[in-house]
Amino acid sequence: MVERHAGGRLAYPAPAGRHRRHRQPRRRERPHQGPALRIHAGAGLNGRFHTLNVFARELLRWYDHHGRKDLPWQHPRSAYRVWLSEIMLQQTQVVTVMGYFQRFVDRLPTLRDLAEADEDTVLALWSGLGYYRRARFLHQAARLCMERHDGDLPRDLDALMNLPGIGRSTAGAILAQAHGLRFPILDGNVKRVLTRYHGIAGFPGESAIEKKLWLHADEHTPAKRTADYTQAIMDLGATVCVRSKPACLLCPQAATCVAHRDGLTAVLPTVKPGKKVPTRSVAMLLVRDKRGRVLLERRGPQGVWSGLWSLPEAVDADTAPAVAATLARVRQADPLPAFTHVFSHYKLDVSPILFDHAAPLAAVADRADRRWCNRDELASLGLPAPVRTLLDNLPEISP
DNA sequence: AATACGGGGGT
DNA sequence: ACCCCAGTATT
(Lines give C-alpha, C1' and ligand atoms only; values in the text may rest on other atoms or scores of the structure.)
Protein backbone atom coordinates (compact mmCIF):
# COMPACT_ATOMS: atom_id res chain seq x y z
CA MET A 1 0.00 0.00 0.00
CA VAL A 2 2.03 2.82 -1.19
CA GLU A 3 1.09 6.36 -0.56
CA ARG A 4 0.23 8.49 -3.46
CA HIS A 5 2.31 11.35 -4.55
CA ALA A 6 5.10 12.35 -2.39
CA GLY A 7 3.98 9.66 -0.08
CA GLY A 8 5.32 7.18 -2.52
CA ARG A 9 8.82 8.23 -1.89
CA LEU A 10 9.83 4.81 -0.86
CA ALA A 11 8.25 2.87 -3.55
CA TYR A 12 9.81 -0.36 -2.56
CA PRO A 13 10.96 -1.80 0.68
CA ALA A 14 14.36 -1.05 1.94
CA PRO A 15 16.94 -3.57 0.88
CA ALA A 16 17.09 -6.45 3.24
CA GLY A 17 20.59 -5.70 3.32
CA ARG A 18 23.22 -7.30 5.30
CA HIS A 19 26.06 -6.93 2.92
CA ARG A 20 24.94 -3.68 1.50
CA ARG A 21 27.46 -1.99 3.65
CA HIS A 22 26.68 1.48 2.68
CA ARG A 23 28.93 3.79 4.21
CA GLN A 24 26.94 6.33 6.01
CA PRO A 25 26.39 9.00 3.45
CA ARG A 26 29.50 10.95 3.74
CA ARG A 27 28.26 14.32 4.41
CA ARG A 28 30.66 16.95 3.66
CA GLU A 29 32.01 19.05 6.31
CA ARG A 30 29.08 20.22 8.23
CA PRO A 31 29.00 23.84 7.51
CA HIS A 32 29.39 26.16 10.28
CA GLN A 33 25.99 26.30 11.84
CA GLY A 34 25.93 29.66 13.32
CA PRO A 35 22.69 31.50 13.26
CA ALA A 36 20.45 28.75 12.02
CA LEU A 37 21.30 26.48 14.85
CA ARG A 38 21.08 29.09 17.48
CA ILE A 39 17.67 30.18 16.34
CA HIS A 40 16.31 26.71 16.61
CA ALA A 41 18.13 25.55 19.65
CA GLY A 42 15.67 27.23 21.88
CA ALA A 43 12.95 24.85 20.81
CA GLY A 44 14.38 21.96 22.69
CA LEU A 45 17.41 20.36 24.16
CA ASN A 46 18.80 19.33 20.86
CA GLY A 47 20.92 22.24 20.03
CA ARG A 48 22.22 22.80 23.45
CA PHE A 49 23.22 19.44 24.72
CA HIS A 50 23.63 17.46 21.55
CA THR A 51 21.33 14.82 22.83
CA LEU A 52 18.74 13.12 20.74
CA ASN A 53 15.17 13.24 21.85
CA VAL A 54 13.48 9.89 22.21
CA PHE A 55 11.58 10.23 19.00
CA ALA A 56 14.68 11.01 16.98
CA ARG A 57 16.77 8.37 18.66
CA GLU A 58 14.30 5.59 17.96
CA LEU A 59 13.77 6.82 14.45
CA LEU A 60 17.45 6.95 13.66
CA ARG A 61 18.00 3.52 15.11
CA TRP A 62 15.30 2.26 12.78
CA TYR A 63 16.77 4.18 9.90
CA ASP A 64 20.14 2.58 10.41
CA HIS A 65 18.54 -0.78 9.72
CA HIS A 66 15.77 0.00 7.31
CA GLY A 67 16.32 3.40 5.78
CA ARG A 68 17.60 4.11 2.34
CA LYS A 69 21.09 5.36 2.14
CA ASP A 70 21.81 4.78 -1.49
CA LEU A 71 19.46 7.08 -3.31
CA PRO A 72 21.07 8.74 -6.31
CA TRP A 73 20.75 12.21 -4.84
CA GLN A 74 22.52 11.11 -1.70
CA HIS A 75 25.77 10.36 -3.52
CA PRO A 76 27.20 12.77 -4.09
CA ARG A 77 25.09 15.06 -2.06
CA SER A 78 24.80 18.65 -3.06
CA ALA A 79 22.23 21.32 -2.60
CA TYR A 80 21.48 21.26 -6.30
CA ARG A 81 20.93 17.53 -6.39
CA VAL A 82 18.87 17.50 -3.22
CA TRP A 83 16.77 20.34 -4.50
CA LEU A 84 16.18 18.65 -7.83
CA SER A 85 15.24 15.40 -6.14
CA GLU A 86 12.86 17.13 -3.75
CA ILE A 87 11.06 18.83 -6.59
CA MET A 88 10.81 15.62 -8.55
CA LEU A 89 9.69 13.68 -5.49
CA GLN A 90 6.90 16.08 -4.77
CA GLN A 91 4.93 14.39 -7.43
CA THR A 92 6.40 11.06 -8.30
CA GLN A 93 7.49 7.85 -6.70
CA VAL A 94 11.07 7.16 -5.91
CA VAL A 95 11.41 4.40 -8.49
CA THR A 96 10.27 6.69 -11.24
CA VAL A 97 12.27 9.65 -10.08
CA MET A 98 15.53 7.77 -9.98
CA GLY A 99 15.73 7.36 -13.73
CA TYR A 100 14.68 10.91 -14.44
CA PHE A 101 16.99 12.26 -11.84
CA GLN A 102 20.00 10.51 -13.26
CA ARG A 103 19.22 11.60 -16.78
CA PHE A 104 18.66 15.14 -15.62
CA VAL A 105 21.90 15.52 -13.72
CA ASP A 106 23.86 13.75 -16.41
CA ARG A 107 22.69 16.35 -18.86
CA LEU A 108 22.66 19.31 -16.44
CA PRO A 109 25.11 18.49 -13.69
CA THR A 110 25.17 21.86 -11.99
CA LEU A 111 22.85 24.64 -11.12
CA ARG A 112 24.66 26.82 -13.62
CA ASP A 113 24.04 24.29 -16.37
CA LEU A 114 20.37 24.34 -15.52
CA ALA A 115 20.24 28.10 -15.49
CA GLU A 116 21.90 28.30 -18.86
CA ALA A 117 19.79 25.64 -20.48
CA ASP A 118 16.78 26.69 -22.48
CA GLU A 119 13.39 25.87 -21.25
CA ASP A 120 12.82 23.32 -23.97
CA THR A 121 15.78 21.33 -22.77
CA VAL A 122 14.51 21.38 -19.23
CA LEU A 123 11.03 20.40 -20.23
CA ALA A 124 12.37 17.62 -22.40
CA LEU A 125 14.27 16.23 -19.45
CA TRP A 126 11.14 16.51 -17.38
CA SER A 127 8.97 14.97 -20.03
CA GLY A 128 7.00 12.13 -18.57
CA LEU A 129 7.19 13.27 -15.00
CA GLY A 130 4.16 15.51 -15.19
CA TYR A 131 3.46 18.70 -13.31
CA TYR A 132 5.50 20.66 -15.78
CA ARG A 133 4.90 23.87 -13.97
CA ARG A 134 7.43 22.67 -11.44
CA ALA A 135 10.01 22.17 -14.10
CA ARG A 136 9.47 25.76 -15.14
CA PHE A 137 9.76 26.92 -11.54
CA LEU A 138 12.95 24.91 -11.19
CA HIS A 139 14.38 26.55 -14.22
CA GLN A 140 13.35 30.02 -13.15
CA ALA A 141 14.73 29.43 -9.68
CA ALA A 142 18.10 28.37 -11.10
CA ARG A 143 18.29 31.58 -13.06
CA LEU A 144 17.34 33.57 -9.99
CA CYS A 145 20.10 31.85 -8.06
CA MET A 146 22.56 33.04 -10.65
CA GLU A 147 21.32 36.57 -10.21
CA ARG A 148 20.79 36.66 -6.50
CA HIS A 149 23.06 34.10 -4.95
CA ASP A 150 26.21 33.84 -7.02
CA GLY A 151 25.00 30.72 -8.72
CA ASP A 152 24.32 28.72 -5.57
CA LEU A 153 21.23 27.81 -3.71
CA PRO A 154 21.06 30.01 -0.66
CA ARG A 155 21.53 28.46 2.76
CA ASP A 156 18.91 30.67 4.20
CA LEU A 157 15.35 29.58 4.76
CA ASP A 158 13.71 32.76 3.64
CA ALA A 159 15.91 33.15 0.61
CA LEU A 160 15.09 29.59 -0.40
CA MET A 161 11.40 30.13 0.09
CA ASN A 162 11.58 33.17 -2.10
CA LEU A 163 12.50 30.97 -5.01
CA PRO A 164 9.64 29.66 -7.09
CA GLY A 165 8.60 26.11 -6.37
CA ILE A 166 10.24 26.03 -2.95
CA GLY A 167 7.95 26.25 0.05
CA ARG A 168 8.83 25.84 3.66
CA SER A 169 9.01 22.09 3.65
CA THR A 170 11.15 21.83 0.55
CA ALA A 171 13.40 24.58 1.85
CA GLY A 172 13.78 22.69 5.13
CA ALA A 173 14.56 19.49 3.29
CA ILE A 174 17.28 21.19 1.30
CA LEU A 175 18.88 22.76 4.35
CA ALA A 176 18.66 19.56 6.32
CA GLN A 177 19.64 17.09 3.65
CA ALA A 178 22.23 19.05 1.80
CA HIS A 179 23.80 20.97 4.63
CA GLY A 180 22.87 19.08 7.75
CA LEU A 181 21.26 22.17 9.18
CA ARG A 182 18.60 21.69 11.79
CA PHE A 183 15.44 22.59 9.93
CA PRO A 184 12.22 20.63 10.09
CA ILE A 185 10.21 19.40 7.16
CA LEU A 186 6.50 18.77 7.01
CA ASP A 187 5.31 16.92 3.98
CA GLY A 188 2.40 14.53 3.73
CA ASN A 189 4.36 11.68 5.23
CA VAL A 190 5.51 13.67 8.19
CA LYS A 191 2.05 15.03 8.79
CA ARG A 192 0.70 11.54 8.95
CA VAL A 193 3.38 10.33 11.32
CA LEU A 194 2.99 13.28 13.64
CA THR A 195 -0.79 13.41 13.74
CA ARG A 196 -0.76 9.78 14.76
CA TYR A 197 2.16 9.93 17.11
CA HIS A 198 0.69 12.88 19.00
CA GLY A 199 -2.93 11.96 18.49
CA ILE A 200 -3.77 15.21 16.78
CA ALA A 201 -7.26 15.36 15.35
CA GLY A 202 -8.36 17.88 12.77
CA PHE A 203 -7.53 18.19 9.12
CA PRO A 204 -3.76 18.68 8.81
CA GLY A 205 -4.27 21.14 5.98
CA GLU A 206 -6.06 23.50 8.32
CA SER A 207 -3.77 26.26 9.43
CA ALA A 208 -4.15 25.80 13.18
CA ILE A 209 -3.39 22.09 12.90
CA GLU A 210 -0.55 22.70 10.55
CA LYS A 211 0.95 25.15 12.97
CA LYS A 212 0.94 22.54 15.70
CA LEU A 213 2.49 20.02 13.41
CA TRP A 214 5.30 22.37 12.49
CA LEU A 215 6.01 22.84 16.18
CA HIS A 216 6.19 19.10 16.71
CA ALA A 217 8.25 18.64 13.59
CA ASP A 218 10.67 21.21 14.90
CA GLU A 219 10.81 19.79 18.38
CA HIS A 220 11.67 16.32 17.10
CA THR A 221 14.30 17.38 14.63
CA PRO A 222 17.69 16.66 16.12
CA ALA A 223 20.79 18.77 15.74
CA LYS A 224 22.87 15.73 15.03
CA ARG A 225 22.29 13.59 11.98
CA THR A 226 19.63 15.96 10.75
CA ALA A 227 19.93 14.76 7.18
CA ASP A 228 19.44 11.15 8.18
CA TYR A 229 16.60 12.07 10.45
CA THR A 230 14.84 13.92 7.67
CA GLN A 231 15.17 11.01 5.32
CA ALA A 232 14.13 8.66 8.10
CA ILE A 233 10.87 10.33 8.97
CA MET A 234 9.85 10.45 5.35
CA ASP A 235 10.76 6.80 4.93
CA LEU A 236 8.79 5.88 8.01
CA GLY A 237 5.72 7.62 6.68
CA ALA A 238 6.11 6.04 3.29
CA THR A 239 6.75 2.46 4.33
CA VAL A 240 5.46 1.88 7.85
CA CYS A 241 3.12 4.65 8.88
CA VAL A 242 1.16 4.41 5.66
CA ARG A 243 -2.32 5.80 5.30
CA SER A 244 -4.27 2.60 5.54
CA LYS A 245 -3.22 -0.34 7.64
CA PRO A 246 0.01 1.03 9.00
CA ALA A 247 2.56 -1.56 10.04
CA CYS A 248 2.64 -0.58 13.67
CA LEU A 249 4.33 -3.82 14.59
CA LEU A 250 7.35 -2.67 12.64
CA CYS A 251 7.23 0.89 13.87
CA PRO A 252 10.00 2.16 16.11
CA GLN A 253 7.59 4.64 17.67
CA ALA A 254 4.78 2.25 18.47
CA ALA A 255 5.51 2.21 22.19
CA THR A 256 4.84 5.92 22.50
CA CYS A 257 2.43 6.54 19.66
CA VAL A 258 -0.92 7.91 20.81
CA ALA A 259 -2.85 6.66 17.80
CA HIS A 260 -1.45 3.19 18.23
CA ARG A 261 -2.17 3.17 21.93
CA ASP A 262 -5.72 4.39 21.48
CA GLY A 263 -6.56 2.55 18.31
CA LEU A 264 -6.88 5.70 16.27
CA THR A 265 -4.64 4.90 13.34
CA ALA A 266 -7.66 4.38 11.11
CA VAL A 267 -9.08 7.83 11.85
CA LEU A 268 -5.86 9.84 11.95
CA PRO A 269 -4.95 11.91 10.16
CA THR A 270 -8.40 13.43 9.97
CA VAL A 271 -9.66 13.36 6.43
CA LYS A 272 -10.14 16.52 4.54
CA PRO A 273 -13.50 17.99 5.37
CA GLY A 274 -15.89 17.71 2.52
CA LYS A 275 -16.42 21.12 1.07
CA LYS A 276 -19.47 22.48 2.69
CA VAL A 277 -22.32 21.39 0.58
CA PRO A 278 -25.27 23.69 0.37
CA THR A 279 -28.38 22.62 2.24
CA ARG A 280 -31.80 22.85 0.76
CA SER A 281 -35.04 21.99 2.41
CA VAL A 282 -38.32 20.75 1.14
CA ALA A 283 -41.61 19.52 2.52
CA MET A 284 -42.83 16.23 1.16
CA LEU A 285 -46.55 15.68 1.10
CA LEU A 286 -47.91 12.30 1.96
CA VAL A 287 -51.46 12.59 0.77
CA ARG A 288 -53.24 9.38 1.70
CA ASP A 289 -56.82 8.36 1.14
CA LYS A 290 -59.05 6.13 3.24
CA ARG A 291 -57.90 3.02 1.42
CA GLY A 292 -54.27 3.74 2.23
CA ARG A 293 -53.33 4.88 -1.27
CA VAL A 294 -50.76 7.62 -1.50
CA LEU A 295 -50.59 10.27 -4.20
CA LEU A 296 -47.36 10.14 -6.23
CA GLU A 297 -45.99 12.42 -8.88
CA ARG A 298 -43.56 11.67 -11.59
CA ARG A 299 -40.62 14.06 -11.44
CA GLY A 300 -39.64 16.10 -14.43
CA PRO A 301 -36.76 15.45 -16.77
CA GLN A 302 -34.54 18.03 -15.12
CA GLY A 303 -32.87 17.96 -11.77
CA VAL A 304 -32.44 15.34 -9.17
CA TRP A 305 -34.38 12.09 -9.34
CA SER A 306 -35.55 12.97 -12.82
CA GLY A 307 -38.18 10.63 -14.14
CA LEU A 308 -38.64 8.86 -10.82
CA TRP A 309 -41.91 8.70 -9.00
CA SER A 310 -41.87 10.74 -5.85
CA LEU A 311 -44.07 12.68 -3.46
CA PRO A 312 -45.60 16.07 -4.14
CA GLU A 313 -43.49 18.80 -2.62
CA ALA A 314 -43.90 22.21 -1.06
CA VAL A 315 -41.20 24.70 -0.26
CA ASP A 316 -41.81 24.31 3.46
CA ALA A 317 -44.19 22.89 6.02
CA ASP A 318 -46.20 26.09 6.23
CA THR A 319 -47.15 26.11 2.61
CA ALA A 320 -47.74 22.38 2.49
CA PRO A 321 -51.44 22.47 3.41
CA ALA A 322 -52.20 24.89 0.62
CA VAL A 323 -50.40 22.72 -1.87
CA ALA A 324 -52.10 19.64 -0.53
CA ALA A 325 -55.45 21.29 -0.98
CA THR A 326 -54.84 21.56 -4.69
CA LEU A 327 -54.21 17.84 -4.86
CA ALA A 328 -57.03 16.43 -2.74
CA ARG A 329 -59.59 17.31 -0.17
CA VAL A 330 -57.53 17.13 2.95
CA ARG A 331 -58.62 17.24 6.55
CA GLN A 332 -55.58 17.08 8.73
CA ALA A 333 -51.83 17.66 8.50
CA ASP A 334 -49.51 15.58 10.65
CA PRO A 335 -45.81 16.34 10.55
CA LEU A 336 -43.61 13.26 10.49
CA PRO A 337 -40.01 13.16 11.67
CA ALA A 338 -37.76 15.21 9.43
CA PHE A 339 -34.63 13.69 7.95
CA THR A 340 -31.70 14.73 5.83
CA HIS A 341 -30.75 13.19 2.58
CA VAL A 342 -27.21 13.73 1.35
CA PHE A 343 -26.46 14.11 -2.31
CA SER A 344 -23.01 14.47 -3.75
CA HIS A 345 -23.46 18.18 -4.23
CA TYR A 346 -25.96 19.22 -1.59
CA LYS A 347 -27.93 18.14 1.42
CA LEU A 348 -31.65 18.03 1.43
CA ASP A 349 -33.59 18.51 4.63
CA VAL A 350 -36.90 16.80 4.18
CA SER A 351 -39.96 17.57 6.28
CA PRO A 352 -42.57 14.96 5.55
CA ILE A 353 -46.17 15.84 6.28
CA LEU A 354 -48.93 13.32 6.34
CA PHE A 355 -52.37 14.29 5.08
CA ASP A 356 -54.54 11.39 6.11
CA HIS A 357 -58.12 10.74 5.06
CA ALA A 358 -57.67 12.72 1.89
CA ALA A 359 -60.34 12.45 -0.74
CA PRO A 360 -59.11 12.28 -4.33
CA LEU A 361 -60.10 15.03 -6.69
CA ALA A 362 -61.10 13.59 -10.01
CA ALA A 363 -59.12 16.10 -12.01
CA VAL A 364 -55.94 15.35 -10.14
CA ALA A 365 -55.76 11.62 -10.37
CA ASP A 366 -56.40 11.63 -14.05
CA ARG A 367 -52.96 12.55 -15.26
CA ALA A 368 -50.06 10.57 -16.61
CA ASP A 369 -47.66 12.06 -14.11
CA ARG A 370 -49.79 11.52 -11.05
CA ARG A 371 -51.26 8.45 -9.53
CA TRP A 372 -52.73 7.10 -6.37
CA CYS A 373 -50.72 4.13 -5.34
CA ASN A 374 -51.28 1.40 -2.83
CA ARG A 375 -48.53 -0.43 -1.05
CA ASP A 376 -48.28 -3.27 -3.52
CA GLU A 377 -47.86 -0.97 -6.47
CA LEU A 378 -44.99 0.85 -4.86
CA ALA A 379 -42.71 -2.11 -5.28
CA SER A 380 -42.80 -1.87 -9.04
CA LEU A 381 -42.19 1.86 -9.25
CA GLY A 382 -38.91 3.67 -9.47
CA LEU A 383 -38.75 5.65 -6.25
CA PRO A 384 -35.87 7.61 -4.77
CA ALA A 385 -34.40 5.63 -1.91
CA PRO A 386 -35.37 8.06 0.86
CA VAL A 387 -38.90 8.29 -0.47
CA ARG A 388 -39.24 4.54 -0.50
CA THR A 389 -37.96 4.39 3.03
CA LEU A 390 -40.43 7.03 4.05
CA LEU A 391 -43.34 5.18 2.49
CA ASP A 392 -42.26 1.87 3.95
CA ASN A 393 -42.29 3.34 7.42
CA LEU A 394 -45.52 5.20 7.19
CA PRO A 395 -47.76 4.92 10.25
CA GLU A 396 -51.07 3.13 9.99
CA ILE A 397 -54.02 5.15 8.92
CA SER A 398 -55.21 7.14 11.87
CA PRO A 399 -58.75 6.54 13.13
C1' DA B 1 -15.35 6.08 -13.71
C1' DA B 2 -15.15 8.74 -9.90
C1' DT B 3 -12.60 10.55 -6.33
C1' DA B 4 -9.04 12.24 -3.31
C1' DC B 5 -5.07 14.30 -2.73
C1' DG B 6 0.47 16.89 -2.10
C1' DG B 7 2.91 20.95 -1.99
C1' DG B 8 3.22 25.22 -3.78
C1' DG B 9 1.45 29.67 -5.87
C1' DG B 10 -1.79 33.32 -6.18
C1' DT B 11 -5.49 36.17 -4.38
C1' DA C 1 -8.10 31.54 4.55
C1' DC C 2 -9.49 30.65 0.24
C1' DC C 3 -9.01 28.46 -4.49
C1' DC C 4 -6.17 26.49 -8.28
C1' DC C 5 -2.97 23.47 -10.45
C1' DA C 6 -2.57 18.77 -13.33
C1' DG C 7 -1.18 14.70 -12.47
C1' DT C 8 -1.42 9.75 -9.91
C1' DA C 9 -3.17 6.26 -6.84
C1' DT C 10 -7.08 4.51 -4.90
C1' DT C 11 -11.83 3.06 -4.61
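Convention: sequence-line order gives letters A, B, ...; per-chain numbering from 1. Hydrogens, waters and symmetry mates play no part in the numbers below; they use all other heavy atoms, side chains included.
Between A/Asn189 atom CG and B/dC5 atom C1' the separation is 13 Å, expressed in whole Å. One interatomic measurement links the two molecules: CZ of A/Arg192 to P of B/dC5, which rounds to 12 Å at whole-angstrom precision. Per the geometry, CD belonging to A/Glu86 stands 13 Å off C1' belonging to B/dG6, to the nearest Å. Look at CG on A/Leu163: it is 12 Å from P on B/dG10, rounded to the nearest Å. If you measure from atom CD1 of A/Ile185 to atom C1' of B/dG8, you get 15 Å, rounded to the nearest angstrom. What separates CH2 of A/Trp214 from C1' of B/dG8 is a distance of 12 Å, to the nearest Å. Taking atom CD on A/Glu206 and atom P on B/dG6, their separation rounds to 14 Å, with Å as the unit. As rounded to whole Å, 11 Å separates atom P of B/dG6 from atom CG of A/Leu186.
The side chain of A/Gln90 places an N or O atom within less than 4.0 Å of a non-bridging phosphate oxygen (OP1 or OP2) of B/dG8.
B/dA4 sits 15 Å from C/dC3 when the P atoms are compared, rounded to a whole Å.
No donor-acceptor pair under 3.5 Å is formed between the side chain of A/Arg225 and the backbone N or O of A/Arg57. A/Glu210 contributes no side-chain N or O that, together with a main-chain N or O of A/Glu206, makes up a donor-acceptor pair within less than 3.5 Å.
Nearest to the side chain of A/Phe137, among B/dG9, B/dG6, B/dC5, sits B/dG9. The nucleotide whose nearest atom lies closest to any side-chain atom of A/Thr170 is, among C/dA9, C/dA6, B/dG8, B/dG8. In this structure, of B/dG7, C/dG7, B/dC5, it is C/dG7 that holds the atom nearest to the side chain of A/Tyr132. Nearest to the side chain of A/Arg134, among C/dA6, C/dA9, B/dG8, sits B/dG8.
A donor-acceptor contact closer than 3.5 angstrom links the side chains of A/Asp316 and A/Thr319. A donor-acceptor pair shorter than 3.5 Å can be found between the side chains of A/Gln90 and A/Thr170.
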Show me the side-chain donor-acceptor pairs of residues 96-104 of chain A shorter than 3.5 Å, one per line, residues at least two apart or across chains.
residue, atom, partner, partner atom, Å
A/Tyr100, OH, A/Ser127, O, 3.3
A/Gln102, NE2, A/Asp106, OD1, 3.3
A/Arg103, NH2, A/Leu125, O, 3.0

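Contacts of A/Ile87 with the nucleic acid, taken as non-hydrogen atoms under 4.0 Å apart, are absent. Counting non-hydrogen atoms under 4.0 angstrom, A/Leu129 reaches nothing in the nucleic acid.
Residue side chain A/Arg133 does not reach the base of B/dG9 through any donor-acceptor N/O pair under 3.5 Å, judged by distance alone.
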